[in-house]
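The chains referred to below are lettered A, B, ... by the order of the sequence lines, with proteins before strands, and numbering in each begins at 1.
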Number of protein chains: 2
Amino acid sequence: MKMSDRKKKILQIVVDEYINTAVPVSSKSIAEKHLTDVSSATVRNELASLEELGYLTQFHTSGGRVPSPQAYRFYIEELMEKGNLSDNDLDYIERAFSEKSGDVEHLIKNVSRVISELTDYTSVAIGPHTDEEKIRNLALLACGDGKALLVIVTGSRILRDSFIDIPESMSDEELSNASHVISKLFEGKALSEVKEVGAEVLDEFSQYRQVMSEVIDALKSYTRPRDEDVVLTGADKIFKHPEYEDIDNVKNFLTVISSKDRLAEIIGDEDDEIQINVKIGSTGDAEVPDDCSVVTATYSAGGKNLGTYGVIGPIRMDYTKVITVLENVGKALEELVGNKLKDKKDDTKHE
Amino acid sequence: MKMSDRKKKILQIVVDEYINTAVPVSSKSIAEKHLTDVSSATVRNELASLEELGYLTQFHTSGGRVPSPQAYRFYIEELMEKGNLSDNDLDYIERAFSEKSGDVEHLIKNVSRVISELTDYTSVAIGPHTDEEKIRNLALLACGDGKALLVIVTGSRILRDSFIDIPESMSDEELSNASHVISKLFEGKALSEVKEVGAEVLDEFSQYRQVMSEVIDALKSYTRPRDEDVVLTGADKIFKHPEYEDIDNVKNFLTVISSKDRLAEIIGDEDDEIQINVKIGSTGDAEVPDDCSVVTATYSAGGKNLGTYGVIGPIRMDYTKVITVLENVGKALEELVGNKLKDKKDDTKHE
DNA sequence: TGTTAGCACTCTCTATGTTCAAGTGCTAAC
DNA sequence: GTTAGCACTTGAACATAGAGAGTGCTAACA
């Protein structure tokens, strides 16, 4: 059976209406409010056919129709109309990003907060993959007790740190020296390149062999996100949506968001090529729970990955609003970081 | 009216029974199961009198009695019997703390996880107050762009970091020098002492005046906890308890735990002298929601504050179990950190 | 004076039945 | 292909009745 234009139109009406009202849509309301040139009986026939095609379901015979996950996917692909943000919302974004941004961690939190506030959904964010980040600076700080703190600063000011073991006999001076040597060695290298540091380098710096190998191990572990890299904002926003009057849905939701690992999997495993990614219900490949949708955007500016941001909420999500917000925040972010990059270039020129 | 021994006994039975079953307790069940030498009518009289004293309430006339917050407080003060952990639980604690502990952040997470697992409640933890921590090491790392990363390592390996502005003209060498000078200056000082660094010191190091003052500002901000210092574990554990079949309770709970600031206030504002602290329902002074209890313990070892740990859950909480777990975890922690301190002393001796 | 048996009373919970409105599917006519 | 009309299904809302649980009160008892 083919999807006639009228079928598409009706499907769009059903999805729009259901997203707005959370009430199953009846043939009568469609015929009266949106398709005044045909009768409800005609709509009824079309609805029955859309149901057969898998786009609609009903809870019970006299309950009106509700879109299936398949319908939402179709809606996003073909039916959805691009929205615009209100002036209020645009202002809000501008103001949020006008302050001195500070480091990336603050930026991530800020972006996540803005997205949650504007969409009224729970926002999840994860910082950029650190694989390709270039090491800008590296230091070893003595902590006593045979331990040292390894601190790394990378290009986009991502900071990672961890404790490593050092020989107890090593003095503060020696550590400081080692720190300098190792820093010089890795400066400008990407984290992913560290893996390829061979034994010959270790030999070359035989004096610091043990420390060096500890450092390399630590650097290697930096490729996967830490708990702290996953930011969750506005968990209580779910109560703004009627599906979470049902305790089972809340249970499900809270269980998912209470594990940062799971969150990272849900929003982190996408292709970097895709700008906006929508996962609706259980898609087989994803870990998204049956009754949830996740919409994420991966931002980048000046060739630099800036992390993945998105919302998690009920399948009946206001996709238009969410996607519009994500796009606008993306633009603002690009501008912000873009300007910063430009400033920097100017600085270089002046030197 | 005085509290006779029998009243106390009956109150204890009611609280114990209600904690275990979550079902209002009837005079009949008390007389049959626990006080076989008197009739249910007698118990009924006592219950009525306990209700008049404010210890018991009933949802409706034929619903049995339920302890009031006042009853729980009295129970904890006077009636509760100390419990013992099962061998399983003790094993669990031992295993959890046997691994190489790494830094304090990991330790906090670990402790929080153990507490949540053993009690089946949501655990909240907050790291030690950093005020009195002595600065062990301090470094400034260039990030380019007129920014530098300030990293602090303190005595118990608490790590703090933040970005500060530096003069654009400052070279890496100069920064490195400044870093050394400032590090030497503050080494061994407590964070709280930094506040008292006067202008004369700034003048003395006039060369690094701007950087120094930025560093001091940053250090001053370290006294209040960051979001990352508040650890929440096992939020989904609440669904193990029947009070959270009620959506309103869940709403309340989720709203509280979704703000780290509020959590920090709830568990962080207690007197350091008190080892175990119980807040039941709204006590006026506390921000604990009406229908929640918070039990916390502040740990320390070798004179060192190790942070505050606890659980948040329904008022009908298994206080015996929770307090027993907190005490045992405290002991294990003390042993762990105590041994570490001892090792360190031994090392010093060998030198 | 404290304890007890007995009983009326209150309240919840469950099952049951009834009615109402909403929405559909189907059929026959256009 | 479209439509009007109608029978059918279902859930929601409401009233009713009976069972069960637990209490408070009273009067009798030790």
Side-chain angles (χ1 to χ4, degrees), chain A residues 1-11 13-15 17-18 20-68 71 242-243 245-246, chain B residues 1-11 13-15 17-18 20-68 71 242-243 245-246:
Chain A
M1 208 184 303
K2 246 203 89 232
M3 277 285 264
S4 67
D5 279 354
R6 194 170 66 187
K7 276 201 181 59
K8 285 187 190 174
K9 172 88 180 156
I10 290 178
L11 185 55
I13 292 168
V14 173
V15 177
E17 195 73 14
Y18 188 62
N20 282 327
T21 63
V23 174
V25 185
S26 74
S27 56
K28 197 172 153 223
S29 72
I30 295 176
E32 276 174 5
K33 281 191 251 166
H34 302 98
L35 280 185
T36 41
D37 53 335
V38 295
S39 76
S40 69
T42 309
V43 176
R44 213 142 49 230
N45 287 332
E46 296 284 48
L47 288 177
S49 143
L50 280 167
E51 184 167 351
E52 212 174 322
L53 288 167
Y55 290 105
L56 299 176
T57 51
Q58 31 187 181
F59 292 132
H60 40 262
T61 29
S62 68
R65 254 78 171 204
V66 162
S68 69
E243 16 280 278
E245 296 294 310
D246 179 359
Chain B
M1 208 181 311
K2 248 206 85 229
M3 276 286 266
S4 67
D5 280 355
R6 193 170 65 185
K7 276 201 183 56
K8 287 187 189 174
K9 172 88 180 157
I10 289 178
L11 185 54
I13 292 168
V14 173
V15 177
E17 195 74 13
Y18 188 62
N20 282 327
T21 63
V23 173
V25 186
S26 75
S27 57
K28 198 174 153 221
S29 72
I30 295 176
E32 277 176 3
K33 282 192 250 164
H34 302 98
L35 280 185
T36 41
D37 52 335
V38 294
S39 76
S40 68
T42 309
V43 176
R44 213 141 51 227
N45 288 333
E46 296 284 48
L47 288 177
S49 144
L50 280 167
E51 184 167 351
E52 211 174 322
L53 288 167
Y55 290 106
L56 300 177
T57 52
Q58 34 187 178
F59 293 130
H60 39 262
T61 29
S62 67
R65 255 75 173 206
V66 162
S68 70
E243 18 278 277
E245 297 293 313
D246 178 0

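To the nearest 0.5 Å, atom OG of residue B:S26 and atom CD of residue B:Q58 are 11.5 Å apart. Here A:T36 contributes atom OG1 and A:H34 contributes atom NE2; the two are 10.0 Å apart, rounded to the nearest 0.5 Å. Between the OG1 atom of B:T57 and the CG atom of B:L50 there is a distance of 12.0 Å, given to the nearest 0.5 Å. Here CG of B:N45 is found 8.0 Å from OG of B:S39. Values are rounded to the nearest 0.5 Å.
A donor-acceptor pair under 3.5 Å is absent between the side-chain atoms of A:S40 and the main chain of A:A31, judged by distance alone. With B:T21 contributing its side chain and B:E17 its backbone, the two residues share a donor-acceptor pair below 3.5 Å.
Taking every heavy atom of both residues into account, B:R65 and B:A48 meet most closely at NH2-CA, 3.6 Å. Heavy-atom minimum distance, A:V23 versus A:Y18: O-CD1, 3.2 Å.
Rounded to an integer number of Å, the gap from A:I10 CD1 to D:dG1 P is 14 Å. Distance, B:E32 CD to C:dA5 P: 12 Å, rounded to whole Å. Rounded to whole angstrom, the span from the CD1 atom of A:I30 across to the P atom of C:dG23 amounts to 11 Å. As a whole-Å value, the separation of B:L35 CG from C:dT4 C1' is 15 Å.
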- When every nucleotide of nucleotides 21-30 of chain D is labelled 5' to 3' by its protein contacts under 4.0 Å (heavy atoms), B for base, S for sugar-phosphate only, - for none, what sequence of letters results? BBBB------

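Comparing B:E46 and B:F59 along DNA chain C, the residue whose closest nucleotide (by nearest heavy atom) sits nearer the 5' end is B:E46.
In DNA chain C, runs of at least 3 consecutive Watson-Crick or G-U pairs, each pair with both distances below 3.5 Å, span C:1-30 with D:1-30.
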